[in-house]
Each structure stands twice: as C-alpha cells, then as structure tokens.
Amino acid sequence: QVQLVESGGGLVQAGGSLRLSCAASGGTFGRYSMGWFRQAPGKEREFVAGSMWTGGITYYADFVNGRFTISRDNVKNTVYLQMNSLKPEDTAVYYCAANYLGGRRTLQNEYDYWGQGTQVTVSS
C-alpha cells in the first residue's frame, strides 16, 4: 500500500510560482509512474503532468504550455510539480497519483493510489 502526501500549495498572485511536492511511502517509488491532476470547483478532475517510472519520460496536458515542470527524486521518494506563470484559472486542488510500472497515464482510473490534495489559489 502506497501513501502519498502532497504539500506546497497556497495563495499566489497571477504570474507567480509554486512548487508542489508529493512524498510517497510504503512502496518502491522508483517503480511507480507518477501523475499530477487538479480539480477546480464545479469541474471534473483533469490530468496535468506525468512522469513515467522508466526512461525519464515526462508529459503534460496541453494547457500547461511550458509553464509547469514535473520532476522526481527516487532517493527522496518525492515527485514535484514546479508551476510558473500561474494564472487564476490554475486555481484548483492538486492531487498526485501513482501507478505501478505504468506507461503514459492520463486518466484517473489508470492510477492506483492518490494523495489527499493540496489547494492552489491564484489571485488576479
């Protein structure tokens, strides 16, 4: 059983930056593909970024448009989401998720474990 704990959310002005962290425990982190999702009020949860467990492969939703970077530290068992040039429409609860030995995963039901989420609020 893998436990995921997100941190780093908060309130930031438009154009600012935040770095989210997701610490994992209870599994072999290096064998998990990791993803970041977000859910804004009244909207469905959507994929933001993913990091495959092998090959150093990362991928992003189109709306990211070069503003966010996902990275991972397999020694610290942590995945990060660096978010720059934030916009008010990025306001949401951000969740990290894990999929064992997964490939490119962008759908919620492809992930096995989820964190509790961290709130990101971007003011205009």
Side-chain angles (χ1 to χ4, degrees):
Q1 188 78 4
V2 173
Q3 292 82 42
L4 303 172
V5 179
E6 300 97 334
S7 61
L11 173 65
V12 64
Q13 289 188 333
S17 299
L18 281 175
R19 188 176 82 154
L20 306 183
S21 300
C22 173
S25 61
T28 304
F29 182 74
R31 295 185 179 180
Y32 283 84
S33 290
M34 301 299 296
W36 284 98
F37 287 72
R38 70 184 187 184
Q39 187 166 19
K43 295 187 177 181
E44 293 192 354
R45 193 172 299 187
E46 63 179 351
F47 171 77
V48 177
S51 169
M52 284 180 59
W53 71 279
T54 186
I57 297 170
T58 60
Y59 47 99
Y60 300 88
D62 289 343
F63 65 79
V64 169
N65 200 23
R67 299 180 299 126
F68 299 174
T69 302
I70 187 172
S71 61
R72 63 191 296 160
D73 185 331
N74 287 348
V75 174
K76 295 182 177 180
N77 292 352
T78 301
V79 62
Y80 304 96
L81 185 68
Q82 176 68 44
M83 303 188 294
N84 300 326
S85 302
L86 283 161
K87 306 174 182 180
E89 51 264 45
D90 294 318
T91 295
V93 177
Y94 283 71
Y95 299 89
C96 71
N99 174 238
Y100 185 67
L101 296 179
R104 183 185 175 99
R105 299 283 186 260
T106 62
L107 302 178
Q108 293 184 61
N109 61 12
E110 294 176 316
Y111 285 85
D112 307 304
Y113 303 101
W114 290 83
Q116 82 291 347
T118 185
Q119 175 71 48
V120 171
T121 303
V122 184
S123 63
S124 58

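Since we're looking at a predicted model, the values are computed, not measured. The analysis underlying the following values was restricted to heavy atoms, covering all of them including side chains, and did not include hydrogens, waters or symmetry mates.
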- prompt: Is there a path of hydrophobic side-chain contacts, each under 4.5 Å between heavy atoms of I, L, V, M, F, W or Y residues, that connects V2 with L101?
  reply: yes
- prompt: Can you find a heavy atom in the side chain of M83 that is under 4.5 Å from one in the side chain of V48?
  reply: no
field: Least distance between heavy atoms, S17 atom then N84 atom
entry: OG-OD1, 2.9 Å
message: Let's go through Y113 and M34 carefully: what are the C-alpha distance in whole Å and the side-chain angles of both, what is the deciding distance for side-chain contact (heavy atoms from CB on, under 4.5 Å) to 0.1 Å, and is it a yes or a no?
response: CA-CA 10 Å; Y113 303 101; M34 301 299 296; over 6 Å; no
- line: Rounded to the nearest 0.5 angstrom, the CZ-CG distance for R72 and L81 is 13.5 Å
query: Does the N99 side chain pair with the main chain of E110, one donor and one acceptor, at a distance under 3.5 Å?
result: yes
Closest contact, heavy atoms only, A23 versus T78: CA-OG1, 4.0 Å
Aromatic centroids of F47 and Y111 separated by under 6.0 Å: no
- request: Consider only side-chain heavy atoms of I, L, V, M, F, W and Y, link residues closer than 4.5 Å, and tell whether V64 and L20 are in one cluster.
  value: yes
- prompt: Could you give the distance from CD (Q39) to OH (Y95), rounded to the nearest 0.5 Å?
  reply: 5.5 Å
task: Answer yes or no: is there a side-chain heavy-atom contact under 4.5 Å between T91 and Q119?
output: yes
query: Can you find a heavy atom in the side chain of F63 that is under 4.5 Å from one in the side chain of E46?
result: yes
- prompt: Would R38 and V120 count as a side-chain contact (heavy atoms from CB on, under 4.5 Å) if you check the C-alpha gap in whole Å, the side-chain angles of each, and the deciding distance to 0.1 Å?
  reply: CA-CA 9 Å; R38 70 184 187 184; V120 171; over 6 Å; no
task: Considering non-hydrogen atoms only, spot the tightest contact between V75 and D73 and give its length.
output: N-OD1, 2.9 Å
statement: Here the gap from K87 atom NZ to R67 atom CZ, rounded to the nearest 0.5 Å, amounts to 4.5 Å
- prompt: Looking at A14 and S124, what are the two nearest heavy atoms and their distance?
  reply: CB-CA, 4.4 Å
task: Starting at CD of Q108, measure out to CH2 of W114 and round the result to the nearest 0.5 Å.
output: 5.0 Å
message: A quick test of your reading: do over 12 heavy atoms of other residues, nucleotides or ligands sit less than 6.0 Å from CG of N109?
response: yes
- prompt: With clusters built from Ile, Leu, Val, Met, Phe, Trp and Tyr whose side-chain heavy atoms come within less than 4.5 Å, directly or transitively, what are the remaining members of the cluster of Y80, listed by chain and number?
  reply: none
query: Would a 4.5 Å heavy-atom cut-off, applied to side chains only, mark Y59 and T106 as touching?
result: yes
query: Under 4.5 Å between any side-chain heavy atoms of F68 and I70, yes or no?
result: no
Disulfide (SG to SG under 2.5 Å) contacts touching residues 33-69 (sequence neighbours left out): none
query: For the residue pair M52 and G102, what are the closest heavy atoms and their distance?
result: CE-O, 4.2 Å
- request: Specify the closest pair of heavy atoms between L4 and A24, including all atoms of both residues, with the distance to one decimal.
  value: CD2-CB, 3.6 Å
message: Measuring only between side-chain heavy atoms, which start at C-beta, is V79 closer than 4.5 Å to F29?
response: yes
Joint cluster assignment, V122 & Y60, ILVMFWY side-chain distance < 4.5 Å: yes
query: How would you list all residue pairs meeting disulfide (SG to SG under 2.5 Å) that involve residues 14-111, not counting sequence neighbours?
result: C22-C96
message: Rounded to the nearest 0.5 Å, what separates atom CZ in F37 from atom CZ in R105?
response: 11.0 Å
query: Which distance, rounded to the nearest 0.5 Å, do you find between the CZ of R45 and the CG of L107?
result: 13.5 Å
